[in-house]
K.L.:
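Before anything else, here's the structure in question.
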Amino acid sequence: MIVSRAETAYAKINLALHVRRRRDDGYHDLETLFAFLDCGDTLTVTKSAEFALDQSGQFGANTGDIDSNLVTRAARLANHGVLPNLRFDLDKQLPVAAGLGGGSADAAATLRLMGGGDRVDHAESLGADVPACLKSIPVVGLGTGTVLGPVENDVAGLACLLVNPGIPLATGPVFRAWGGIDRGPMPKGSAREIMMAGRNDLEAAAQMLCADIGAVLAFLASTRPTLARMSGSGASCFALYEDYDHAASVEARLKERIEQRWWTMLGRLR
């Protein structure tokens with residue numbers, strides 16, 4: 001009998017993202033509040049005669065070659081530098097280069113499946129968002145986002161509608177377009193208090209590179225959300241609602257619009 005195990009690679013959003021300064025090493029000091037939906041990609045692992053990675057789903061063809069895929073890299077790292085005799089099937093529903101931590105979430109799911117979900121050293125070497133993705137619950141991130149701290153989770157259960165304009169947006173150009181002005185620290189408090197008083201310092205830079213982000217945000221702002229904001233370096237945006245049925249009606253309205261290339265996902269915050 002073939003025994004398989006599956007993990008959800010939960011979609012990541014940044015409820016707030018404050019960019020404080022460019023560092024001498026080329027990275028940026030950040031203050032961010034991570035949160036996660038209860039949906040995303042699905043990763044299944046099965047014993048195999050050799051390592052294999054099969055990618056399917058809406059964005060399965062957009063994740064690059066197998067060797068550079070974060071699932072492959074995480075599996076090798078968790079197995080002492082050697083690819084394990086396991087088959088991974090990745091149902092890729094999150095868009096790539098979208099500010100949703102899709103690749104990082106896939107890497108974290110791989111580590112959890114291989115019993116390395118507590119190995120922060122592994123996670124950091126795979127990417128700045130991977131440590132937060134290991135547990136996929138609200139957490140404050142400092143430094144490049146890898147220095148994590150707890151936060152009161154009073155946002156769990158909020159309906160969250162993700163919208164991407166269908167345009168990939170690489171992280172590097174967005175950070176390079178950031179104006180370099182420190183607009184102040186991220187506020188203190190619970191997750192809800194931080195998100196309501198916080199901001200995303202990369203929104204303006206991202207909109208210079210992808211004007212469609214502004215159209216997404218304008219639509220979401222018109223739907224009476226608790227909060228609408230861009231996630232990470234874009235181009236995905238999110239809207240939070242107290243009422244899930246209202247969020248579902250907003251998604252249905254959006255699917256009727258002419259922007260057919262816009263991608264959506266609806267879930268709840270964990």
K.L.:
List the atom of T44, the atom of A6, and the distance in Å for their closest heavy-atom pair.
P.N.:
OG1-CB, 3.7 Å
K.L.:
Are the side chains of F219 and V250 in contact, using a 4.5 Å heavy-atom criterion?
P.N.:
yes
K.L.:
Give the ring-plane orientation class for W263 versus F59, where under 30° counts as parallel, over 60° as perpendicular and anything between as tilted.
P.N.:
perpendicular
K.L.:
Compare every heavy atom of D243 with every heavy atom of H246, then report the nearest pair and how far apart it is.
P.N.:
N-OD1, 3.1 Å
K.L.:
Show your working on side-chain contact (heavy atoms from CB on, under 4.5 Å) between L111 and L134 and close with a plain yes or no.
P.N.:
CA-CA 8 Å; L111 294 178; L134 283 179; 3.9 Å; yes
K.L.:
Heavy atoms only: give me the nearest L220-C237 pair and the separation to one decimal.
P.N.:
CD1-CB, 4.0 Å
K.L.:
Work out which heavy atom in L94 is nearest to a heavy atom in G102; give both atom names and the distance.
P.N.:
CD1-CA, 4.0 Å
K.L.:
Looking only at atom types and distance, does a side-chain atom of R73 sit under 3.5 Å from a main-chain N or O of S68, one as donor and one as acceptor?
P.N.:
no
K.L.:
State, yes or no, whether a side-chain contact exists between F238 and L217 at a heavy-atom distance under 4.5 Å.
P.N.:
no
K.L.:
Using a 3.5 Å distance criterion without hydrogens, assess whether the side chain of D41 forms a donor-acceptor pair with backbone atoms of Q93.
P.N.:
yes
K.L.:
Take atom CZ in R253; do more than 12 heavy atoms of anything else shown fall under 6.0 Å from it?
P.N.:
yes
K.L.:
Without hydrogens or angle criteria, can the side chains of S56 and K92 be said to hold a donor-acceptor pair below 3.5 Å?
P.N.:
no
K.L.:
Could E242 and R268 be called an ion pair, given the rule that one side-chain N must be under 4.0 Å from one carboxylate O?
P.N.:
no
K.L.:
Test side-chain hydrogen bond (donor to acceptor under 3.5 Å, both in side chains) on T264 and K255; report intermediate values, then the result.
P.N.:
CA-CA 8 Å; T264 67; K255 290 181 180 298; 3.1 Å; yes
K.L.:
Let me confirm one number: the CZ-OG distance from R87 to S4, rounded to the nearest 0.5 Å.
P.N.:
11.0 Å
K.L.:
Under a single-linkage definition using a 4.5 Å side-chain heavy-atom cutoff for Ile, Leu, Val, Met, Phe, Trp and Tyr, are M230 and W262 assigned to the same hydrophobic cluster?
P.N.:
no
K.L.:
Not counting sequence neighbours, which residues clear salt bridge (Lys or Arg N to Asp or Glu O under 4.0 Å) with R229? List them please.
P.N.:
none
K.L.:
Pairing donors with acceptors under 3.5 angstrom, does anything connect the side chains of N164 and S236?
P.N.:
yes
K.L.:
Taking it one step at a time, do M196 and L240 satisfy side-chain contact (heavy atoms from CB on, under 4.5 Å)?
P.N.:
CA-CA 11 Å; M196 296 305 296; L240 301 177; over 6 Å; no
K.L.:
Atom CG of L43 and atom OG1 of T8: how far apart are they, to the nearest 0.5 Å?
P.N.:
9.5 Å
K.L.:
Taking the side chain as every heavy atom from C-beta outward, state whether L37 and Y10 have any atom pair closer than 4.5 Å.
P.N.:
no
K.L.:
K188 versus I194: any side-chain heavy-atom pair under 4.5 Å?
P.N.:
no
K.L.:
Just verifying a value: how many Å separate Y241 OH and L161 CG, rounded to the nearest 0.5 Å?
P.N.:
5.5 Å
K.L.:
Between V45 and L83, is there shared hydrophobic-cluster membership here, with clusters defined by ILVMFWY side-chain heavy atoms closer than 4.5 Å?
P.N.:
yes
K.L.:
In Å, rounded to the nearest 0.5 Å, how long is the span from CZ of R176 to OG1 of T171?
P.N.:
10.0 Å
K.L.:
Let me check something: do I213 and L17 share a hydrophobic cluster, defined by ILVMFWY side-chain heavy atoms less than 4.5 Å apart, either directly or through other members?
P.N.:
yes
K.L.:
Taking atom CG of N79 and atom CE of M114, what is their separation to the nearest 0.5 Å?
P.N.:
4.5 Å
K.L.:
Compare every heavy atom of P187 with every heavy atom of A197, then report the nearest pair and how far apart it is.
P.N.:
CB-CG, 3.7 Å
K.L.:
Is it true that a side-chain atom of D129 and a backbone atom of L100 form a donor plus acceptor pair closer than 3.5 Å?
P.N.:
no
K.L.:
Side chains of N69 and T72: do they bring a donor and an acceptor to under 3.5 Å?
P.N.:
no
K.L.:
Hey, mind stepping through E203 and S231 against side-chain contact (heavy atoms from CB on, under 4.5 Å) and telling me if it holds?
P.N.:
CA-CA 9 Å; E203 271 189 16; S231 178; over 6 Å; no
K.L.:
Starting at SG of C160, measure out to CG of L15 and round the result to the nearest 0.5 Å.
P.N.:
8.0 Å
K.L.:
Do the side-chain N and O atoms of N14 and T32 include a donor-acceptor pair separated by under 3.5 angstrom?
P.N.:
yes
K.L.:
When you group the ILVMFWY residues by side-chain heavy-atom contacts below 4.5 Å and let the links chain together, are L70 and V130 in the same group?
P.N.:
yes
K.L.:
Once the angle between the rings of F88 and F51 is folded into 0 to 90°, is it parallel (under 30°), tilted (30 to 60°) or perpendicular (over 60°)?
P.N.:
tilted
K.L.:
Do R183 and D201 come within less than 4.5 Å of each other through their side chains, counting heavy atoms only?
P.N.:
yes
K.L.:
Cluster question for you: counting only ILVMFWY and a side-chain heavy-atom cut-off of under 4.5 Å, with indirect links fine, are L53 and L86 together?
P.N.:
yes
K.L.:
With the side chain counted from C-beta on, respond yes when R23 and H28 share a heavy-atom pair under 4.5 Å apart, and no when they do not.
P.N.:
no
K.L.:
Check the pair D154, S190 against side-chain contact (heavy atoms from CB on, under 4.5 Å), reporting the backbone distance first and the verdict last.
P.N.:
CA-CA 7 Å; D154 55 356; S190 69; 2.6 Å; yes
K.L.:
Minimum heavy-atom separation for L162 and A11, please, with both atom names.
P.N.:
CD1-CB, 4.1 Å
K.L.:
Do E124 and T146 touch side chain to side chain, with heavy atoms closer than 4.5 Å?
P.N.:
yes
K.L.:
Determine the sole option in R20, R21, H18 for which the side-chain hydrogen bond (donor to acceptor under 3.5 Å, both in side chains) test with D29 is passed.
P.N.:
R21
K.L.:
Check whether any side-chain heavy atom of E31 sits under 4.5 Å from a side-chain heavy atom of V140, and report yes or no.
P.N.:
no
